[in-house]
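These numbers come from the heavy atoms of this one structure, side chains and all, not from hydrogens, waters or symmetry mates. Whatever order the structure lists them in is the order used to number ligands and atoms, beginning at 1.
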Amino acid sequence: MARVYNFSAGPSTLPESVLAKAGAEIMDYNGSGQSVMEMSHRSKWFDDIIKEAEVLMRELYKIPDNYKVLFLQGGASAQFSAIPLNFMNGSGKADYIITGQWAKKAFQEAQKYGDVKAVASSADKTFSYIPKTKPEDFRDDADYVYICMNNTIYGIADVSSCALSEPLDISKFGVVYFGAQKNVAPAGLVVAIIREDLLGNARDITPVMMNYKIQADAESLYNTPPCWTIYICKLVLDWIKEEFGSLDAMKAHNEKKAKILYDFLDSSKMFRGTVVPEDRSLMNVPFVTDSEELNAKFIKEATEAGFVNLKGHRTVGGMRASIYNAMPIEGVEKLVAFMKAFEEANA
Ligand SMILES: *Cc1c(COP(=O)(O)O)cnc(C)c1O
């Protein structure tokens, strides 16, 4: 069967050239006579892979030298607990901005560990906008402020759904982290970028696997890391560097791609985007028609035509096209052509 266009929110589509390279190296990685899946995480081959992944990550994100780059497990969701355990270590207070389901989950988890305040939330309109905040909303003695996306305040940011899709000024954050399965690698890996001076004050009860200082001192090799996933991450970083050269170029490409879909949604009489225009994402594009029946028909026919995983998140319904870095422009062009034809046929 031909490859489909996969609009899944995660795990999600990977660059074909990366899959081809991984395929070509699957029996014999670089003359080792083994697959990366099989080799020791203490081997020279793997050591080179994880070090190169870090170098590329630092280069693309322009990560300052006083930040550690950690390759961890447990998904972004494990960080929801690790963050309060490691950083809610002064007043025991933290302020959270609730921009969506993931921020809400992180907030709920943090409540187990201290005095956690929801500073602002867009839950009133199913997270279809980013809530505005003022400096006085935040508590002076909060140990940290938590947000789920890129923003320009000091704090901790979950950027899982936009990782490496555009530049981000890491120096504005204490911690930036992302689950890799959205934009960077298969599932099983979380990358955490942490300012060094924040390390070393975890609570005594912190599980050793969640202690960022221990992970940093062990250079992400405290125990067996997800070797294969880190290897694919490295190939994806190579791909970004070779195809685009920088995250500025990656962003320009993503803007061009997202515009094709948003322009169509704004002109269509049948489909419309659900997020307010100023807060639209370059990566995840939720949209609906005015009828549940038509939504279901669209998803079914799109799937048959090779546009898969367009069903929206269960809490929102409708459709969602995730158009991460690896989704080619032609995938979006063909989807729009299909949507136009569907609109005409069902008008
Ligand atoms: C997908 C996602 C998560 C959850 O990731 P897991 O690795 O499955 O725990 C958390 N935050 C954001 C922003 C996400 O997009």
Side-chain angles (χ1 to χ4, degrees), residues 6-14 61 70-86 94 96-110 112 116 118 120-123 126-131 144-151 155-166 168 170 173 175-194 207 209-210 212 215 220 225-226 228-230 232-233 236 254 258 274-275 279-286 309 311-316 320-327:
N6 178 8
F7 295 92
S8 169
S12 30
T13 194
L14 286 163
Y61 257 144
L70 305 182
F71 296 93
L72 307 170
Q73 298 188 66
S77 300
Q79 315 316 306
F80 298 169
S81 336
I83 284 160
L85 283 164
N86 281 270
Y96 278 62
I97 302 174
I98 316 294
T99 46
Q101 299 296 343
W102 296 117
K104 190 173 149 197
K105 286 193 171 157
F107 169 71
Q108 285 167 343
E109 186 65 17
K112 294 179 184 167
V116 183
S121 170
S122 50
T126 43
F127 305 120
S128 58
Y129 69 103
I130 294 175
Y144 61 84
V145 172
Y146 181 100
I147 59 168
C148 177
M149 69 155 311
N150 39 353
N151 204 320
I156 293 176
D158 172 359
V159 301
S160 297
S161 57
C162 53
L164 293 158
S165 64
E166 59 184 16
L168 181 63
I170 302 287
F173 299 87
V175 180
V176 170
Y177 75 93
F178 48 92
Q181 73 275 22
K182 307 297 171 60
N183 219 358
V184 189
L189 172 68
V190 173
V191 177
I193 303 167
I194 307 179
M209 284 295 291
M210 286 193 178
Y212 293 129
Q215 295 283 4
S220 306
W228 170 258
T229 304
I230 292 168
I232 303 290
C233 171
V236 170
N254 286 328
T274 54
V275 176
D279 295 332
R280 284 172 169 178
S281 159
L282 290 180
M283 297 281 104
N284 296 287
V285 185
N309 290 317
K311 197 169 177 353
H313 191 270
R314 60 189 182 281
T315 57
V316 195
R320 171 178 53 186
S322 290
I323 50 172
Y324 295 118
N325 288 348
M327 173 58 65

Could you go through Lys105 and Ser77, starting from their C-alpha distance and side-chain angles, then the distance that decides it, and tell me whether this counts as side chain to side chain contact (heavy atoms under 4.5 Å, CB included)?
CA-CA 8 Å; Lys105 286 193 171 157; Ser77 300; 5.8 Å; no
Protein heavy atom at shortest distance from atom 5 (O) of ligand 1:
Ala76 CB, 3.5 Å
Quick one: SG on Cys148 to CD1 on Ile156, what's the gap to the nearest 0.5 Å?
12.5 Å
Which atoms of ligand 1 sit under 4.0 Å from any heavy atom of Gly75?
7 (O), 9 (O)
Min over Ala103, Ser160, Ser77, Ser161 of heavy-atom distance to atom 9 (O) of ligand 1 lands on Ser77
Go through the structure and list residues passing ring-ring contact (aromatic ring centres under 6.0 Å, His included) with Phe7, not counting sequence neighbours.
none
Among Leu282, Val184, Leu164, the one residue meeting side chain to side chain contact (heavy atoms under 4.5 Å, CB included) with Asn325:
Leu164
For ligand 1, which atoms, with element, lie under 4.0 Å from some heavy atom of Cys148?
13 (C)
Mind telling me whether Phe80 and Tyr146 have parallel, tilted or perpendicular rings, with 30° and 60° as the class edges?
perpendicular
Among non-hydrogen protein atoms, atom 11 (N) of ligand 1 lies closest to Asp158 OD2, 2.6 Å
Going by heavy-atom distance to atom 1 (C) of ligand 1, choose the closest among Lys182, Gln181, Gln101.
Lys182
